[in-house]
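To keep things clear, I will list the structure first and then write my remarks on it.
Heavy-atom basis, side chains included; hydrogens, waters and symmetry copies ignored.
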Amino acid sequence: MRPNIITEAGVSTRLNQWWGSTPFITSGLTIICAAIYLVCLLVGYDSYAEICFLPSAVASHLQVYRFYTSVLFHGSLLHVLFNMLTFVPLGTELERIMGSVRLLFLMFLLATTNAIFHLIVAFLVDYNPLYHVSYLVDECSIGFSGVIFSMIVIETSLSGVQYRSVFGLFNVPAKWYAWILLILFQFLASNVSLLGHLSGILSGFAYTYGLFNYLLPGPSFYSSIEGLSMLSVCVRRPGFILCTGGTTYGQLPTHSNMSTPPSALINANFLRNISSWMPSRRTSTVQTSTNQEQEDPRFPGRGRTLASTGTEPTAREANANLHARLLDNSTPSDLLTNSQHTAANAVRADATVTADQTDTFDEELKKLVAMGFERTQAEVALAAADGDPNVAIEILMSQQD
């Protein structure tokens, strides 16, 4: 009996740690989708004709609300379970990269653009002069998987990984990962919306190419949202990740990073990326008093696989060190890490961090982790405190109260 009790306790503890490490928006959206399905199940609601994404209804009756209701409802227990198990590690990774408010806005944008792409492609296929395919405009689609496909493309681009594992069976080049999943799901399930998933992939690539940059607000927008008094309870939650009021991650598309007209951006991105079929992003330049120094074109954050949750500090440190060594092969040695870049932008946008400051930040961060604080929260707190460990401890203690 003893080993069984220990084993059960271990699984329960690991599940609690896994869910406890899930950030605020990711866990909140997971609970909302699960609750909506449970309510539908209890009241016997199984007719989704009024809330699904139906191109003919959207076009004829301007039922724009279907853009958003369709992504929150699911048709079966396996449907919602599979989508949420895929979304949790993916949303956790992106929320840690972007911040909670930025991720929430991104998912709203992706839900909108996915529906628009779905609508356009459905009617183009239906009214093409060669062969009419009318069933797409009358196809009723529900589920969060379209947004998940967009997030897969975005996370793959930001992480900079070269290969992805498909269900743990085999590895594929990262640039083909989303397309291979699209094909596999069509073979594995007969009721999967091909156009819904395809629209998600198109939105993900459009975002990584920078085509949505003029739709993205600047850092002040996220800072003002985080400063609202009505959201103070949410902001103080341990799982809430601040955007820190600045462009913490220079490679994230944003309106403020735009320095070229839209036409030039589209042409340059298309010609640059068509050769590799993989979205990439030109990094913004850091203006100094004498010259401009260009950052590494790849995302400087931690590159982890899609299924990784990063709940253990040792695993995150190992992945961060591995990614840093990969970057050192082709980039300057003084490239900022995510947390250091946060601290630098908190002082001024064009600030640079010396090697001594980098070592000091890492040492203070390790001390905070050794004291028992969660690494991600310690990074944010130390960055907000401009590297002062005493102020960072006060911030962390206030969050735990």
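Between the side chains of S199 and N114, no donor-acceptor pair of N or O atoms lies under 3.5 Å. A side-chain donor from one of S203 and T113 sits under 3.5 Å from a side-chain acceptor of the other.
Side-chain contact between P173 and Q162 is absent, with no heavy atoms from C-beta onward closer than 4.5 Å. The closest side-chain heavy-atom distance from H118 to H197 is not below 4.5 Å. Proximity of F24 to C234: side-chain heavy atoms (C-beta onward) are separated by under 4.5 Å at one or more points. Within the 4.5 Å cutoff, no side-chain heavy atoms of P89 are placed close to those of E93. Between L228 and V235 the shortest side-chain heavy-atom distance does not fall below 4.5 Å. Counting heavy atoms from C-beta on, the side chains of T22 and W19 come closer than 4.5 Å. Using a 4.5 Å heavy-atom cutoff, the side chains of R96 and S21 are in contact.
A donor-acceptor pair under 3.5 Å is formed between the side chain of S159 and the backbone N or O of E155. Under the 3.5 Å distance criterion, the side-chain polar atoms of T112 are matched with a main-chain donor or acceptor of F108. Counting only distance, with no hydrogens or angles, the side chain of N128 and the backbone of V125 share a donor-acceptor pair below 3.5 Å.
Shown here are the side-chain hydrogen bond (donor to acceptor under 3.5 Å, both in side chains) partners of S100, two or more places apart in sequence or in another chain: E95. Evaluation of the ring-ring contact (aromatic ring centres under 6.0 Å, His included) rule for F212 yields no partner, not counting sequence neighbours. Applying the disulfide (SG to SG under 2.5 Å) test to C52 and every residue at least two apart in sequence or in another chain returns C140. Among residues two or more places apart in sequence or in another chain, the side-chain hydrogen bond (donor to acceptor under 3.5 Å, both in side chains) test is passed with Q186 by none. Listed by chain and number, the residues in a side-chain hydrogen bond (donor to acceptor under 3.5 Å, both in side chains) with E364 amount to none (sequence neighbours excluded).
The distance between the ring centers of Y163 and Y177 does not fall below 6.0 angstrom.
In this structure, R66 fails the cation-pi test against F53, since its NZ or CZ atom is not both closer than 6.0 Å to the six-membered ring centre and inside 45 degrees of the ring normal.
Using a 30° and 60° split on the angle between ring planes, F123 and Y127 fall in the parallel class, below 30°.
Around the OH atom of Y68, the shell of radius 6.0 Å holds more than 12 heavy atoms that belong to other residues, nucleotides or ligands.
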Problem - Trace of the salt bridge (charged side-chain N to carboxylate O under 4.0 Å, His left out) decision for E379 with R375 - result: CA-CA 6 Å; E379 288 178 354; R375 184 178 180 83; 3.5 Å; yes
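One distance of note links CG of L103 with CD1 of I97; it measures 10.0 Å at 0.5 Å rounding.
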Side chains of residues 73-81: which donor-acceptor pairs under 3.5 Å do they make with residues two or more places apart or in other chains?
{"from": "H74", "atom 1": "NE2", "to": "N83", "atom 2": "ND2", "distance (Å)": "3.2"}
{"from": "H74", "atom 1": "NE2", "to": "F144", "atom 2": "N", "distance (Å)": "3.4"}
{"from": "S76", "atom 1": "OG", "to": "H79", "atom 2": "N", "distance (Å)": "3.2"}
{"from": "H79", "atom 1": "ND1", "to": "G75", "atom 2": "N", "distance (Å)": "3.1"}
{"from": "H79", "atom 1": "NE2", "to": "N83", "atom 2": "ND2", "distance (Å)": "3.4"}

